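Worksheet: one structure, shown below.
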Amino acid sequence: MSTVSRASLDQKLALAKRCSREATLAGTKAAAIATVASAVPTFASLNPTGQALIICTVAGMAYFVAADKKILSLARRHSFEEAPDHLKNTSYQGVGTPHPAFFKP
């Protein structure tokens, strides 16, 4: 069984905190924009209870969607950075060259 150093765990914890902070910020921005965008048309048409329900729902959904997208993008980026070199090369390297007849119309 391999051992994990304290410095490695501290580094991973710091990275997780930073990613969490970035996701929270992205979610908050999206919620603020969604609140304003949904509040303007809603104020003209519904009673106060309906307005609050719609605005809160839209803001909550925007927050979680934006935060989730940010977390997934950061996880994808960090997993790619930590991947072994042979897995990072995603270019296709075909075996041999295709027959010239393959390219004729």
Side-chain angles (χ1 to χ4, degrees):
M1 185 172 187
S2 65
T3 59
V4 179
S5 69
R6 174 75 179 185
S8 173
L9 288 176
D10 288 342
Q11 183 181 11
K12 288 183 185 247
L13 180 62
L15 180 63
K17 285 181 179 180
R18 191 183 82 220
C19 292
S20 173
R21 194 174 308 118
E22 287 181 33
T24 302
L25 183 61
T28 303
K29 286 180 183 178
I33 292 169
T35 299
V36 172
S38 65
V40 173
T42 305
F43 280 139
S45 61
L46 294 175
N47 62 7
T49 304
Q51 292 170 352
L53 183 61
I54 290 172
I55 293 168
C56 289
T57 303
V58 169
M61 289 175 20
Y63 176 86
F64 285 110
V65 168
D68 191 47
K69 282 179 65 176
K70 186 68 170 181
I71 288 170
L72 290 175
S73 70
L74 290 171
R76 190 177 302 115
R77 183 175 61 190
H78 294 305
S79 67
F80 184 76
E81 289 171 357
E82 294 178 5
D85 289 334
H86 71 281
L87 295 177
K88 289 183 182 180
N89 184 6
T90 58
S91 62
Y92 174 72
Q93 308 219 347
V95 179
T97 57
H99 192 274
F102 179 77
F103 296 107
K104 291 184 180 177

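Note that the structure is predicted; figures quoted are calculated from it, not measured.
Shown here are the side chain to side chain contact (heavy atoms under 4.5 Å, CB included) partners of Ser5, two or more places apart in sequence or in another chain: Ala7, Ser8. Under the side chain to side chain donor-acceptor pair (under 3.5 Å) criterion, Arg18 pairs with Glu22, not counting sequence neighbours. Legend: residues meeting side chain to side chain donor-acceptor pair (under 3.5 Å) with Gln51, ordered by chain and number and at least two apart, are absent.
Annotation: the span from Ser73 atom OG to Asp68 atom CG amounts to 10.0 Å, rounded to 0.5 Å. Atom CG of Asn47 sits about 11.0 Å away from atom OG1 of Thr42, to the nearest 0.5 Å. Taken to the nearest 0.5 Å, the CG atom of Leu13 stands 4.5 Å off from the NZ atom of Lys17. Rounded to the nearest 0.5 angstrom, Leu72 CG and Lys69 NZ are separated by 10.0 Å.
Between Ala66 and Ala30 the shortest heavy-atom distance is CB-CB, 3.5 Å. Nearest heavy atoms, Pro41 versus Ser45: O-OG, 3.5 Å.
Counting heavy atoms from C-beta outward, Lys70 and Leu74 have side chains that approach closer than 4.5 Å.
Linking ILVMFWY side-chain heavy atoms closer than 4.5 Å, directly or via other members, places Leu53 and Phe43 in two distinct hydrophobic clusters.
Put simply, the side chain of Thr35 gets close to the backbone of Ala31: a donor and an acceptor are under 3.5 Å apart.
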